[in-house]
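A short worksheet on the structure shown next.
Note on naming: letters A, B, ... go to the chains in the order of the sequence lines (proteins, then strands), and numbering restarts at 1 for each one. The figures that follow rest on heavy atoms only: side chains count, while hydrogens, waters and symmetry mates do not.
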Amino acid sequence: MRKSQVYLGVDVGSVSINVVAIDGNGNVLEKIYMRTEGKPIQILKEAVGRMASLLPANVEIKGVGTTGSGRQLAAAVLGADVVKNEITAHGVAVLAFEPDARTIIEVGGQDSKIILLRDGVVSDFAMNTVCAAGTGSFLDRQAARLNIPIERFGELALKSRSPVRIAGRCAVFAESDMIHKQQMGCCCEDIVRGLCEALVRNYLNNVGKGKEILPKVVFQGGVAANVGIRKAFEDALGCPVVVPTHFDVMGAIGAAMLSKQHAGGNKSKFRGFDRILQNEFHSESFECNGCPNYCEIIRLTSDGATVALWGGRCGKWAGSQERIEEKRMA
Amino acid sequence: MKVTFPHMGQVYLAAKGLLDDLGVEVIIPPPITKKTLEIGTRLSPEMACLPLKINIGNYIESIQRGTDTILLSGSCGPCRFGYYGVVQKEILNDLGYDIDIIIFDPPDTGYREFIQRIKRVAGRNSWLNVARAFKKASIIVEEADELLEIGLKKRAREANSGETDSRLYAFEREVIKCYGSYEILETIRKYKGILESIEEKTGVFPLKVGLVGEIYTLIEPFVNLNIEKKLGRLGVEVYRSLTLNEWVKIHLSLDMGYRLHHRRILKKAEPYLGLCVGGHAWQTVANSIHFSQNKLDGIIQVMPFGCMPEIVAESILPRVYEDYGVPIMTLVVDEMTGEAGYFTRLEAFIDLLEQRRNRTGEKKPSLSGG
């Protein structure tokens with residue numbers, strides 16, 4: 001029997017690690033969403049391990065793509081064919097599921113972005129630059145402070161009848177303003193709704209500043225699970241906002257699709273599930289003394305052997321990574 | 001007299017050649033590093049723009065090596081840069097350094113003061129000697145820029161990745177040991193040959209991206225986080241708008257032909273901006289149009305945080321994009337800039353340009369000139 005062909009996509013973000021497997025037609029076979037918990041390598045291995053157990057035994061991994069802020073780390077651990085930035089990955093994934101989308105709102109753990117699509121390609125984008133108010137981490141924190149499970153945060157917001165206005169310019173001020181409204185005796189759901197609206201305002205003023213937001217608008221990233229935020233976006237934009245089925249792992253799906261485009265007839269650099277799970281990966285950093293920049297260089301070792309190096313402004317270590325790669329392939 | 005000057009890209013080559021030829025002892029500040037920036041940030045007002053902080057860092061690192069005089073080029077004050085010399089002198093005085101700062105404003109407003117200041121540096125050199133040294137220095141500027149431009153072409157096409165950069169590092173290590181304009185020029189010419197001979201991949205059509213923005217940020221690679229190298233490694237051919245050579249030609253030389261050419265480009269900005277609003281905002285808008293008309297694939301504007309003239313230009317650029325259809329991205333740098341986010345934006349922008357090109361299926365031949 002012919003082995004079924006599978007492409008893996010991995011998105012290592014600040015808050016979550018997502019792994020997806022897609023087949024040759026771009027259908028999502030399995031997806032895994034795990035919290036990073038500050039231990040990216042360990043959680044990544046765990047996530048890949050789970051993926052291995054979910055997939056049938058006779059699959060052939062034809063390609064691996066990584067994205068997210070930890071994309072280099074993930075690429076080194078797994079042996080990836082494509083390492084791409086989040087913006088491109090999200091754009092590719094959305095165009096596959098919602099070909100007529102013209103705006104992507106992506107709110108993740110520590111960053112938020114807007115991507116404009118026109119005629120089937122990314123035409124413009126922006127990421128938050130100065131402030132993390134309006135991202136998942138901040139919501140997480142406020143939910144914890146109000147003692148509401150983050151999963152129920154959105155539903156609660158929908159119950160509100162008269163949302164309070166909360167200063168959303170800055171995470172610190174938003175928090176103190178929330179506390180102030182609390183002490184004034186505003187009820188919890190009104191505050192939560194107010195917070196959702198403040199975050200949306202913040203997003204549209206900072207990230208979406210000067211961008212032409214046209215329907216169809218797709219909303220994704222971990223925060224898209226929050227119906228309160230979704231509603232607030234719909235109210236602010238005056239048009240429906242679509243949340244795709246796999247909203248939480250779109251980056252990983254995009255990475256998998258990019259690896260599929262890249263694959264062609266080439267053999268994947270994937271290390272194989274067994275080797276990834278058996279090997280101990282260890283990362284350490286040291287200061288390069290080559291010049292007074294003292295760049296921090298990250299070295300990833302596996303069972304005592306260096307598998308990857310990165311960091312540094314001048315590019316001398318990036319070169320050594322390619323040499324390691326060549327040796328490995330030989 | 002032991003003279004130093006702030007770094008700005010290749011300026012040190014010309015300044016060293018000039019001062020060597022005049023027999024003035026020169027101390028080149030060590031290359032800008034994080035340490036330079038740390039010193040500068042600590043000693044400068046927080047609100048000052050990034051170039052000032054780095055200048056201060058350069059001075060302190062040179063003073064530690066025995067400098068007593070600083071040479072600085074001014075710009076007659078269309079933006080904050082015009083006050084740099086005076087402010088920097090105050091900062092250094094407050095810190096207790098007894099340092100002389102000689103400011104060379106471009107002689108747009110009159111040659112008399114300019115000549116007097118040259119005399120202070122040149123001492124007993126004859127005017128003929130001074131004129132010759134300046135001529136040589138301007139040739140160094142021109143050829144050093146040509147060297148870098150060969151690098152820009154080669155980096156996007158090199159067969160062995162990293163070769164162009166390692167040749168350029170070798171150049172920097174070698175040229176720093178030279179004395180006088182003759183040796184410096186010889187080294188530049190030698191490396192031009194070396195760069196030219198770098199093996200190219202065949203059948204590649206690099207994307208073409210133009211850089212516009214604030215002049216110091218564009219010219220000093222430390223400040224723009226090596227944007228030219230980063231783009232080059234992504235396989236992009238970079239076109240520069242503001243270069244040292246251009247600045248010298250417009251402000252110091254008597255090359256009327258070039259001044260007219262510059263005027264003509266500035267005129268292109270007229271529907272959007274018809275006068276100088278400080279810094280290089282006018283040039284940024286004009287060059288964006290110039291690049292768009294020359295069918296580049298994309299344009300990147302780079303500026304230091306809080307640069308007022310460039311903020312004005314930034315708000316105009318979306319209209320240039322609407323009218324000409326060449327995507328423009330703005331990047332802001334300061335001492336807080338994270339390299340990861342910066343690179344993510346660059347990479348995503350290049351992907352965007354690539355996708356656009358694949359859709360239209362156009363592969364453009366190389367431009368001649370810039």
Side-chain angles (χ1 to χ4, degrees), chain A residues 14 67-73 82-92 95 110-111 113 115-130 209-212 254 258 261 287-288 290-296 310-323 326, chain B residues 30-39 61 155 160-166 168-169 172 221-222 225-226 229-230 232-233 305 314-315 317-318 321-322 325 327-332 334 336-360:
Chain A
S14 52
T67 186
S69 48
R71 56 185 182 272
Q72 280 190 311
L73 181 78
V82 178
V83 185
K84 263 293 172 220
N85 61 80
E86 307 87 288
I87 293 163
T88 307
H90 280 285
V92 166
L95 284 169
Q110 269 179 5
D111 66 357
K113 34 187 150 340
I115 306 171
L116 301 187
L117 304 164
R118 298 289 183 269
D119 308 319
V121 291
V122 176
S123 80
D124 197 4
F125 62 85
M127 294 165 78
N128 59 336
T129 44
V130 285
K209 184 179 61 182
K211 303 274 180 257
E212 198 187 7
L258 285 166
Q261 283 173 15
E287 264 183 5
C288 168
C291 76
N293 271 326
Y294 300 115
C295 295
E296 197 161 284
W310 63 86
R313 289 165 177 264
C314 68
K316 105 177 170 194
W317 297 100
S320 50
Q321 179 169 349
E322 275 157 27
R323 282 198 292 280
E326 275 164 24
Chain B
I32 302 174
T33 60
K34 264 195 305 201
K35 203 174 130 221
T36 319
L37 181 59
E38 259 163 45
I39 296 174
E61 285 185 319
R155 214 180 267 127
N160 307 310
S161 75
E163 191 175 354
T164 311
D165 284 333
S166 70
L168 282 172
Y169 283 128
E172 281 166 21
F222 177 85
L225 297 134
N226 285 311
K229 279 186 195 158
K230 285 195 166 87
R233 282 186 210 143
F305 183 72
E314 184 190 1
S315 64
L317 292 180
Y321 167 61
E322 261 171 44
I328 306 175
M329 174 173 72
T330 298
L331 291 172
V332 183
D334 72 350
M336 315 290 187
T337 303
E339 199 155 359
Y342 189 80
F343 188 68
T344 297
R345 284 176 177 78
L346 276 184
E347 200 190 286
F349 187 66
I350 299 309
D351 284 344
L352 177 165
L353 300 180
E354 183 94 57
Q355 288 174 5
R356 271 173 68 98
R357 185 170 74 170
N358 289 345
R359 193 191 53 187
T360 53

So for atom CD, which belongs to B/Glu172, do other residues, nucleotides or ligands contribute more than 12 heavy atoms lying within a distance under 6.0 Å? yes
Below 4.5 Å from any heavy atom of chain B, which atoms of [X] appear? Answer side chain, backbone, both or neither.
X	result
A/Asp124	backbone
A/Arg118	backbone
A/Lys84	both

When the 4.5 angstrom heavy-atom criterion is applied to B/Tyr321 and chain A, the contacting part is side chain
Measure the shortest side-chain to side-chain distance between B/Thr344 and A/Glu86 over non-hydrogen atoms and say whether it is less than 4.5 angstrom. yes
By the definition side chain to side chain contact (heavy atoms under 4.5 Å, CB included), identify the one residue from A/Thr88, A/Ile87, A/Leu258, A/Val92 that meets it with B/Asp351. A/Thr88
So, for B/Arg345 and A/Phe125, which heavy atoms are closest and what is the spacing to 0.1 Å? O-CZ, 3.4 Å
Distance-only, no hydrogens or angles: does the B/Glu347 side chain make a donor-acceptor pair with backbone N or O of A/Asn85 under 3.5 Å? yes
Check the pair A/Val122, B/Arg356 against side chain to side chain contact (heavy atoms under 4.5 Å, CB included), reporting the backbone distance first and the verdict last. CA-CA 8 Å; A/Val122 176; B/Arg356 271 173 68 98; over 6 Å; no
